[in-house]
Amino acid sequence: MTLTIEHLGQWQRTHNCGSLTREHTGEKVLIMGWVLRRRDHGGLIFVDLRDRWGITQVVFNPERDSGSHQKAEDLRSEYVIAVRGEVIGRPQGMVNRELPTGEIEVLVDDLRILNSSLTPPFAIDEREGPEVAENVRLKYRYLDLRRQSLRDNMVLRSLVSKWVRDYFYSEGFLEIETPFLTKSTPEGARDYLVPSRVSPGRFYALPQSPQLFKQLLMVSGYDRYFQIVHCFRDEDLRADRQPEFTQIDVEMSFITRDCLFGLMEGLMADIFPRALGIDVQRPFPRLTYSESMARFGLDRPDTRFAMELVDLTGPLGRSDARLFVDTVDGGGVIKGLNVKGQESMSRRELDDLTEFVSIYGARGLAWFKGAQDGWKSPLAKYIDDDLRGEIAQAADFSDGDLLLVIAGSEDLVNESLGQLRVHLAQRLGLIPEDQYHFLWVVDFPLFEYDKDAGRFNSMHHPFTSPLEEDIPLLATDPGKVRARAYDMVLNGAEIGGGSIRIHREDVQSRIFKLLNIGPEEAREKFGFLLDALQYGAPPHGGIAFGLDRILMILTGAESIRDVIPFPKTQRATCLLTDAPSPVDPDQLVELGIRLRK
RNA sequence: GGGGUCGUAGUUAAGUCGGUUAUAACGCCGGCCUGUCACGCCGGAGGCCGCGGGUUCGAGUCCCGUCGACCCCGCCA
């Protein structure tokens, strides 16, 4: 016999599937949802009915209504149904403590089957089995989104957006939209381009961020702007990077850095307690970029554990080990990591660590084990007792400890040792997962030197203001100039970054010149900004947070894809829609585009 | 552009040194079952071993190529 799909008719929901409790006992209710699971006892049929609010057990009893009981025999997973019935308290001993609605069930008087469903390729009930391969989940994303863990993430995402809006509105901010079809700018990430039909051969770019528009809004006097906005960058993906992602974008006029910090700390102190029930200590600690690099090797330090980097350039540079001496002669540095109590680490494990740091260009990883009968290390014989004493003191190195050492250029040593620090902490379980360490990293360099191109690039972006006391250095030693730029860091992840901007045209032009952007190029690319700066641009600055990254931390997600409803694969494709896809040749003709073979 | 992990029923996995009919669990289908809640019991169906080529008497297994998912380096102002 064939299944009959029924119309909804005049039926209206009285409750959702998460709302019924013991207090509703005896009430006639009408609920609708998806069949999560059917348990057919021949006589009784139980159905776990699911919607986005929860799960309610409904019972079909032939003695109550034989018609609906008979229809219920045809129900399968993910059929869409509506049931009318009575809320009854569950009999003694049959309460389900796992469910918020577990004290009651709905005894069905009438059933309408609103839609059938193919058997889903994977169980919607996540208790069913192990994790499903991600390509299957992405192809059937609409089914994956039905599952509890993804749904929880989407619900939190919605709430966080609302809390952000509430916070900024209460602080007097305006939410203003900026264009998605805009002008390509040369700096920064690769642009996503959109061809113009009306102007053949010309292209819009999707914004990497609303940076210039929010600065223009400050010139317009729309002090205290924010926006929750999509941004686009055509770069390769990572576990925490998608080609389109969401920023909480903020800009303010007439502010000091400290004023902005206070407001943004307030935002975090609003969101995190709501989401996680934790306290957020304010003010956040501040670390200069150079201190962060020296102590943690990275510009986004995870301060939930110690194991800081130790500079051993002095003592090891005076040792008899050729490697170390040569490094110092070549202007390099030698730094170490004291891994407390890991003296027993095996050769095999040390090889793994050596391989790990080689990813970041480290040529090798020297190790010293502290034992009662002296140091154990292939290099021990090159280091005399005086130097050992010096090193032991500098690194707090004693019996039972493992000292890992890397020599090379400062950048390389910091990067590889900083990554190793985090890697080891994860492996050794040194990270307290229930802690949330916010901090600011400040005073970034304004420029970084591009060896290949032989010129300076902006570290943040070209509109970042230098520290006032460093402005004279622009003429003499640009590499030393510090920027009024800052990052907010949480548990070793950069969750936001910003700067006080340049608001004077003369300073902006000077920076462009240092960046090798000539006056003509500057005019062509940023002329509108340079013009605007000459019409009474106020001092201003701002910040942008990565909403997706914040959500990753709030949800404990390992992949950014788990906090985005419809994410893309690592090759930036969408397995659900099969985008990107070829287009009709007529569309290309209309755009004046011919594909190269 | 580069390095790595993986790809076997719908799903998750096993598959030895290359050997005869490719296993299991869950799911699915049929039957039984009035208190289950990841129900239970009995029975059944289900495979382009990602794809293409090669080696071999013989390939899920070895080799080459290719496609796809994931992680990382480069890249990401």
Side-chain angles (χ1 to χ4, degrees), chain A residues 36-49 55-64 69 73 76-78 88 90-99 101-102 105 107 118-140 143 185-191 208-209 211-212 231-243 245 355-361 415-416 419 423 444-448 450 452 456-464 483 485 494 497-499 511 515 517 544 546 558-559 561 568-571 573 575:
Chain A
L36 180 67
R37 198 169 269 285
R38 184 189 64 132
R39 291 177 293 279
D40 185 348
H41 287 237
L44 291 177
I45 296 173
F46 299 93
V47 165
D48 291 337
L49 193 61
I55 296 167
T56 297
Q57 174 166 285
V58 300
V59 190
F60 298 89
N61 188 329
E63 291 166 13
R64 176 82 171 201
H69 177 268
E73 301 203 351
R76 295 293 182 270
S77 290
E78 299 308 304
I88 56 172
R90 298 229 192 153
Q92 196 76 35
M94 286 156 203
V95 169
N96 185 344
R97 302 276 167 212
E98 307 282 305
L99 286 181
T101 60
E105 60 196 7
L107 185 56
L118 297 174
T119 301
F122 50 84
I124 306 303
D125 190 343
E126 286 171 282
R127 296 168 300 180
E128 184 68 45
E131 281 196 28
V132 178
E134 198 166 3
N135 53 344
V136 180
R137 292 173 48 203
L138 288 173
K139 181 176 177 188
Y140 299 95
L143 298 181
T185 52
E187 300 273 328
R190 203 175 287 115
D191 284 322
Q208 298 173 26
S209 87
Q211 182 59 36
L212 292 172
C231 301
F232 307 86
R233 293 179 189 175
D234 186 4
E235 297 292 348
D236 288 336
L237 284 73
R238 288 286 187 282
D240 62 351
R241 270 168 27 195
Q242 282 272 302
F245 59 100
E355 199 184 324
F356 176 81
V357 295
S358 75
I359 297 171
Y360 304 98
E415 165 86 359
S416 48
Q419 298 281 5
H423 177 73
F444 279 79
L446 187 61
F447 304 115
E448 55 191 348
D450 183 339
D452 299 335
F456 287 104
N457 279 328
S458 291
M459 192 154 181
H460 187 53
H461 58 53
F463 321 108
T464 303
E494 179 204 329
S499 62
I511 297 292
L515 291 170
I517 301 175
E558 279 176 24
S559 161
R561 295 180 297 280
K568 294 190 170 50
T569 67
Q570 191 172 51
R571 288 182 61 254
T573 65
L575 297 181

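Throughout, a chain's letter reflects where its sequence line sits, starting with A, and its residues are numbered from 1.
- Listed nucleotides B/C70, B/U34, B/U36 differ in distance to A/Arg90; the shortest reach to its side chain belongs to B/U36.
- Comparing B/G40 with B/C33, their C1' atoms sit 8 Å apart, to the nearest whole Å.
- Nucleic acid contact class of A/Glu105 (heavy atoms, under 4.0 Å, all strands): base.
- Here A/Ala189 lies in heavy-atom contact (under 4.0 Å) with sugar-phosphate atoms only.
- As judged by a 4.0 angstrom heavy-atom cut-off over every strand, A/Arg64 is placed among residues making no nucleic acid contact.
- At a threshold of 4.0 angstrom between heavy atoms, the contacts of A/Glu98 with the nucleic acid are absent.
- Put simply, NE2 on A/His69 is 11 Å from P on B/C33, counting in whole angstrom units.
- Using modelled atom types, one finds no donor on one side chain facing an acceptor on the other under 3.5 Å when comparing A/Gln570 with A/Arg241.
- Residue A/Asn96 is classed as a base contact, given a heavy-atom separation below 4.0 Å to a base.
- Other residues, nucleotides and ligands contribute at most 12 non-hydrogen atoms within 6.0 Å of the OH atom of A/Tyr140.
- Nucleotides B/A13 and B/C17, compared at atom C1', are 23 Å apart to the nearest Å.
- For the C1' atoms, the distance linking B/U61 with B/G2 amounts to 29 Å, nearest Å.
- Here A/Thr464 lies out of heavy-atom contact (under 4.0 Å) with every strand.
- Taking atom CZ of residue A/Phe60 and atom P of nucleotide B/G35, one finds them 18 Å apart after rounding to whole Å.
- Pair assignment for B/A24 gives B/U12, based on Watson-Crick or G-U wobble hydrogen-bonding distances that are each under 3.5 Å.
- When rounded to the nearest whole Å, the span between CD of A/Glu415 and P of B/C73 equals 8 Å.
- Phosphate proximity of B/C37 to A/Arg38: absent, as no side-chain N or O sits under 4.0 Å from OP1 or OP2.
- At whole-Å resolution of the value, CG in A/Asp40 and P in B/C37 are 14 Å apart.
- Using C1' as the reference atom, B/U66 and B/G7 are 13 Å apart when rounded to the nearest Å.
- Close to B/C73, at under 4.0 Å from its OP1 or OP2, lies a side-chain N or O of A/Arg238.
- Contacts of A/Thr101 with the nucleic acid, taken as non-hydrogen atoms under 4.0 Å apart, are absent.
- Following rounding to the nearest Å, A/Leu237 (CG) and B/C76 (C1') show an atom-to-atom distance of 10 Å.
- The aromatic ring of A/His41 does not sit over the base of B/U36, since the test of centres under 5.5 Å and planes under 30° is not met.
- Nucleotides B/C39 and B/C32 place their C1' atoms 14 Å apart, quoted to the nearest Å.
- Base-pair partner of B/G47: not found among the strands shown (Watson-Crick or G-U wobble, both distances under 3.5 Å).
- Remark: P of B/C71 and CZ of A/Phe356 are 16 Å apart, rounded to the nearest angstrom.
- Looking at the side chain of A/Ala133, the nearest of the listed nucleotides B/A38, B/C37, B/U12 is B/U12.
- Between atom CG of residue A/Leu575 and atom CD of residue A/Glu134 there is a gap of 9.0 Å, rounded to the nearest 0.5 Å.
- With C1' as the reference atom, B/C28 and B/U12 are 15 Å apart, rounded to whole Å.
- Separating the P atom of B/G15 from that of B/G50 is a span of 15 Å, rounded to the nearest Å.
- Stacking here means ring centres nearer than 5.5 Å and ring planes tilted less than 30 degrees, and by that measure A/Phe122 does not stack onto B/U11.
- Atom CG of A/Asp191 sits about 9.5 Å away from atom CD of A/Glu235, to the nearest 0.5 Å.
- Between A/Arg37 and B/C39, a side-chain N or O to OP1/OP2 separation shorter than 4.0 Å is present.
- In this structure, B/C41 and B/G31 make a Watson-Crick or G-U wobble pair, each of the two defining distances being under 3.5 angstrom.
- Closest-nucleotide positions on RNA chain B for A/Ile88 and A/Pro121 were compared, and the one nearer the 5' end corresponds to A/Pro121.
- Closest approach of A/Ile45 and A/Glu73 over heavy atoms only: CD1-CG, 3.7 Å.
- The side chain of A/Thr119 contributes no N or O atom lying less than 4.0 Å from OP1 or OP2 of B/C29.
- Between A/Leu44 atom CG and B/U34 atom P the separation is 8 Å, expressed in whole Å.
- Salt bridge A/Arg38/A/Asp48: absent, no basic N to carboxylate O contact under 4.0 Å.
- B/G7 is paired with B/C67 under the criterion used here, namely a Watson-Crick or G-U wobble arrangement in which both key atom distances are under 3.5 Å.
- Set against B/C72, B/C76, B/U11, the side chain of A/Arg241 has B/C76 as its closest nucleotide.
- When each of A/Ser458 and A/Glu558 is assigned the nucleotide of RNA chain B with its nearest heavy atom, A/Glu558 is the one assigned upstream, toward the 5' end.
- Nucleic acid contact for A/Gln57: base, since at least one base atom lies under 4.0 Å from a heavy atom of the residue.
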side-chain contact (heavy atoms from CB on, under 4.5 Å) between A/Phe46 and A/Asp40, worked out: CA-CA 6 Å; A/Phe46 299 93; A/Asp40 185 348; over 6 Å; no
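- Rounded to a whole angstrom, the distance from the C1' atom of B/U16 to that of B/C76 is 46 Å.
- Between the CG atom of A/Asp236 and the P atom of B/G74 there is a distance of 12 Å, rounded to whole Å.
- Put simply, A/Arg127 has a side-chain N or O that comes within less than 4.0 Å of OP1 or OP2 on B/A38.
- Within the 3.5 Å criterion, the main-chain N or O of A/Arg571 finds a donor-acceptor partner in the side chain of A/Thr569.
- You'll find that the side chain of A/Val136 is closest to B/U11, out of B/U11, B/C29, B/G35.
- Picking from B/C73, B/G68, B/C75 the nucleotide with the shortest atom distance to the side chain of A/Arg571 gives B/G68.
- Between the side chains of A/Asn96 and A/Gln57, not a single donor N or O lies within less than 3.5 Å of an accepting N or O.
- Looking at heavy-atom distances under 4.0 Å, A/Pro91 makes contact with a base.
- Among the atoms of the strands shown, none is found under 4.0 Å from any heavy atom of A/Asp234.
- When heavy atoms are screened at a 4.0 angstrom cut-off, A/Gln208 is found touching no nucleic acid atom at all.
- Partner assigned to B/G74 is none, using Watson-Crick or G-U wobble distances below 3.5 angstrom.
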